[in-house]
Amino acid sequence: RKHEQMNYQFLVALLACVIAVAPTVRSYAAAEAVNPPLTDAGIAKAWRTLRAVDCARCHSKDYDGLAAPSIIKYVATQNREMFTRIVLDGNPQRGMPGYSGNPLVVEDIDSIYRYFTGRADGSIAPGSRPIAP
């Protein structure tokens, strides 16, 4: 009898845990559906590079403009050559530093451009992030 009561208490506790965790799992799954993870290795590396050089401090966490213009809109209206030039050479009179001396940016410029074109055409959601390594 005592053994049955312990099993019952265990099942009740387990059910309570499942009920408590279910909304979190559902909300995580919903967030992932809206912001699917970045699975392309080059795009994921570009995202990490953008975070490392902290473009968000001026362009906002989603790069859609803050103190500096939207990179997303810029990529949508400029060609790849213009994008590369502005990133590597900068625009000092407007406060944009050049990154030609930063090996991370130089090495990842193609993937950085692909990341932003994906953001501009909507194939990459603003909140998408790489899967943790």
Side-chain angles (χ1 to χ4, degrees):
R1 180 99 177 130
K2 189 174 184 176
H3 181 66
E4 287 175 14
Q5 185 178 10
M6 284 182 11
N7 281 343
Y8 176 76
Q9 288 172 340
F10 173 77
L11 289 174
V12 168
L14 180 62
L15 182 60
C17 287
V18 168
I19 290 170
V21 170
T24 302
V25 171
R26 273 195 307 270
S27 66
Y28 178 77
E32 192 169 280
V34 172
N35 302 313
L38 301 173
T39 55
D40 177 286
I43 299 286
K45 189 170 185 246
W47 183 91
R48 289 184 181 98
T49 297
L50 293 167
R51 295 300 180 185
V53 298
D54 199 17
C55 298
R57 80 176 172 266
C58 296
H59 295 282
S60 89
K61 70 178 181 70
D62 291 323
Y63 309 110
D64 53 6
L66 189 64
S70 167
I71 301 174
I72 309 308
K73 288 180 183 173
Y74 183 82
V75 166
T77 62
Q78 301 296 318
N79 63 33
R80 186 190 183 293
E81 183 180 313
M82 290 299 294
F83 173 82
T84 300
R85 187 182 61 75
I86 199 75
V87 171
L88 296 181
D89 296 341
N91 187 344
Q93 55 272 35
R94 296 192 72 198
M96 171 70 183
Y99 290 93
S100 61
N102 186 314
L104 284 175
V105 175
V106 172
E107 178 182 307
D108 292 336
I109 193 68
D110 293 331
S111 294
I112 291 169
Y113 181 73
R114 285 191 317 121
Y115 170 80
F116 284 120
T117 56
R119 288 292 316 285
D121 70 17
S123 62
I124 298 175
S128 294
R129 289 166 173 40
I131 297 171

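If you read the sequence from its start, that first residue is 1, and numbering goes on from there.
- Of all the heavy atoms in Ala120 and Ala76, the pair that sits closest is CB-CB, 4.1 Å.
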Kindly indicate, with the supporting measurements, whether the criterion side chain to side chain contact (heavy atoms under 4.5 Å, CB included) is fulfilled by Phe83 and Ile71. CA-CA 9 Å; Phe83 173 82; Ile71 301 174; 4.1 Å; yes
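- Taken from CD1 in Ile72 to CG in Asp121, the straight-line distance is 10.0 Å, to the nearest 0.5 Å.
- Under the 4.5 Å side-chain heavy-atom criterion for Ile, Leu, Val, Met, Phe, Trp and Tyr, Val105 and Tyr113 are members of the same hydrophobic cluster.
- Cluster membership for Leu104 and Met96, using ILVMFWY side-chain heavy atoms within less than 4.5 angstrom, is not shared.
- Residues Ile124 and Ser128 share a closest heavy-atom pair of CG2-CB, 4.2 Å.
- Taken from CD1 in Ile109 to OH in Tyr99, the straight-line distance is 11.0 Å, to the nearest 0.5 Å.
- Side-chain N or O atoms of Arg94 include none that pairs as donor or acceptor with a backbone N or O of Gly90 at under 3.5 Å.
- For the pair Leu38 and Ala44, the tightest heavy-atom approach, listed with the atom from each and the gap, is O-CB, 4.1 Å.
- Among all heavy-atom pairs drawn from Arg51 and Lys61, the shortest one is NH2-O, 3.1 Å.
- Remark: Asp40 CG to Lys45 NZ distance equals 12.0 Å, nearest 0.5 Å.
- For the atom pair CG (Leu50) and OH (Tyr63), the distance works out to 4.5 Å, reported to the nearest 0.5 Å.
- Hydrophobic cluster membership is shared by Ile86 and Val106, with clusters built from Ile, Leu, Val, Met, Phe, Trp and Tyr side chains linked at under 4.5 angstrom.
- Between the His59 side chain and the Pro69 main chain, a donor and an acceptor come within less than 3.5 Å of each other.
- For Arg119 (side chain) and Asp64 (main-chain N/O), no donor-acceptor pair under 3.5 Å exists by modelled atom type.
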After noting the C-alpha distance and the side-chain angles of Lys73 and Gln78, does the key distance pass the side chain to side chain contact (heavy atoms under 4.5 Å, CB included) rule? CA-CA 9 Å; Lys73 288 180 183 173; Gln78 301 296 318; over 6 Å; no
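- Here the shortest heavy-atom pairing between Pro130 and Arg48 reads CB-NH2, 3.3 Å.
- Taking CD1 of Ile43 as the start and CZ of Phe116 as the end, the distance is 10.0 Å to the nearest 0.5 Å.
- Atom CD1 of Ile112 is separated from atom OG1 of Thr117 by 12.0 Å, given to the nearest 0.5 angstrom.
- Pairing each heavy atom of Pro97 with each of Gly95, the nearest pair is CD-O, 3.3 Å.
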